[in-house]
Amino acid sequence: MANVIVVGAQFGDEGKAKVTDLLAKNADVVVRYQGGCNAGHTVVVGGKTYKFHLIPSGILYPGTICVLSPGMVIDPKALINEIKSIRSQGLDDSGLKVSAYAHVTMPYHLMLDEAEEASRGEAKIGTTKRGIGPTYADKCARSGIRLEDLLDEEVLKAKLEWLVPRKNVILERLYNLPSLDAQAILKEYAAYGKELAKYVVDTAAVIFQAVQEKKNILFEGAQGTLLDLDHGSYPYVTSSSPSAGGACIGAGVGPTMIDRVIGVAKAYSTRVGEGPFPTEQFGEAGEGLRQTGTAWAEVGTTTGRPRRCGWFDCVLGRYAVRVNGLDCLAITKLDVLDQFDRIKVCVAYKDSVTGKVYKELPSIGSTFQHLEPVYEDLPGWNESTRKVRQAKDLPAKAKSYLEFLSQKLEVPIAIVSVGPERDDTIIIEDPIHGPKRVLVTAPV
Ligand code: IMP
């Protein structure tokens, strides 16, 4: 029995879905614990590409229980479309369980996400415009609508009669947008409730029962550590807690029930949306990493936006190891580096004002802008790793590159991905039962 959290160690899009998919083979329950349809999880099996936004990628294994937790925000229209899409692909949705307590993205959340972003001008966050921030804001303000409310028309009506006039004041007066009709929303969303009712349960109880039955539970993070509301590059973050601690809160499981935390990082870095990205590359290197026009291109799964690309950042990597308590790492997309003669890795930051050098992240707030990466320049291996299936067959320089990252982050690398397919993978150590990180860093 092992209960494992898979978490993004960078800015999201690290390839978590592929790693979850690999581990889900032995999982009885796969749980999404935060975020909503801002996520885009891609899994490639037998040449077929599956894209998920709300549903855990464990759905690819028939009979697996797939949970959407209370910590998520759910656009019911998007969920219904995703359920229809997975059914049309012949996938089994009988294990799908959706929390009655998950908050619902309403039409005003979508409108406000768009309007707030536009009003920020240059200071925009670059959201996915899926209404994520406004839905979580209403949850915190205790004005949210939960999935259970869609199942009771009287409750939904009472809530909307209070909420919609207030939202209309903001939409009309602040943003000059058309007002919304509470009655029309009631009709539409009560209908979604009827359609989703069969999936709606107390998911924390489902997970607890699985724990008692000593089943294997996999918690699938969305977004990444640097997008975490509390621990990311605020305000350029998402509105939930993608980091490992978020799994306990979002899913409703105690920390004592977690056995392992696996971080996922690309062999380089990418980011979509605005915000600091110290190792970002704009020239030839950036284009090389982006791979525009190929099946492996760095384009957002949800929004289709080109991703910003740059070198691996060990300072942020060490930070991710620390705030998530990572036991081991999965490194994805190593093959993207096959084409490079030289590969840079950021090993520290230098403060351009004071000249001070930092190996640990001194601040993720406003001083970030003064920090310049200090690089080590490593040799590339100029050879395809796509067909490699065992660590011993990797080119020596690729092995050295991985060892370099592992040493700098002080965490073992258990999995290396060398292509999009499920099988394009090298298992270096058993990620669940193999060696895990031992705290060796001296106190700062
Ligand atoms: P939101 O989550 O739509 O509010 O967007 C907030 C920030 O998180 C923006 O920079 C988005 O680009 C980023 N973001 C949200 N979801 C993802 C994701 O799944 N992958 C990568 N970035 C994301």
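Counting starts at 1 for both ligands and their atoms, in listed order.
For the ring-ring contact (aromatic ring centres under 6.0 Å, His included) test, no residue two or more places apart in sequence or in another chain qualifies with Y61. Residues that satisfy the side chain to side chain donor-acceptor pair (under 3.5 Å) test with T20, not counting sequence neighbours, are absent from this structure.
T128 OG1, 2.6 Å is the protein heavy atom nearest to atom 3 (O) of ligand 1. Ranking the protein heavy atoms by distance from atom 5 (O) of ligand 1 puts T127 CA, 3.4 Å first.
Side-chain contact check for T270 and D13: no donor-acceptor pair (N or O, by modelled atom type) lies under 3.5 Å. Side chain to side chain, S243 and D228 meet the donor-acceptor criterion of an N or O pair below 3.5 Å. A side-chain donor-acceptor contact under 3.5 Å links S233 and R271.
Atoms of ligand 1 found under 4.0 Å from any heavy atom of R305 (numbered from 1 in listed order, with element): 11 (C), 12 (O). Taking every heavy atom of V272 and a limit of under 4.0 angstrom, the matching atoms of ligand 1 come to 10 (O), 12 (O), 21 (C), 22 (N). Atoms of ligand 1 found under 4.0 Å from any heavy atom of A39 (numbered from 1 in listed order, with element): 19 (O).
Residues R437 and P412 form a side-chain contact, since some pair of their non-hydrogen atoms from C-beta on lies under 4.5 Å apart.
Compare G36, G126, S239, G273 by their heavy atoms: the one nearest to atom 11 (C) of ligand 1 is in G126. Of the candidates T238, D13, L227, it is L227 that places a heavy atom closest to atom 14 (N) of ligand 1.
Checked against a 6.0 Å centroid threshold, the rings of F404 and Y401 do not count as neighbours.
The closest approach between a heavy atom of A222 and any atom of ligand 1 is not below 4.0 Å. Contact analysis leaves R307 out of contact with ligand 1, as no non-hydrogen atom separation drops below 4.0 angstrom. At least one heavy atom of Q223 sits under 4.0 Å from some atom of ligand 1. Taking 4.0 Å as the cut-off, V237 counts as a neighbour of ligand 1 on heavy-atom distance.
Ion pairing between R318 and E410 holds under the 4.0 Å rule for side-chain N and carboxylate O.
Contacts with ligand 1 closer than 4.0 Å are made by backbone heavy atoms (N, CA, C, O) of F11 only, the side chain lying farther away.
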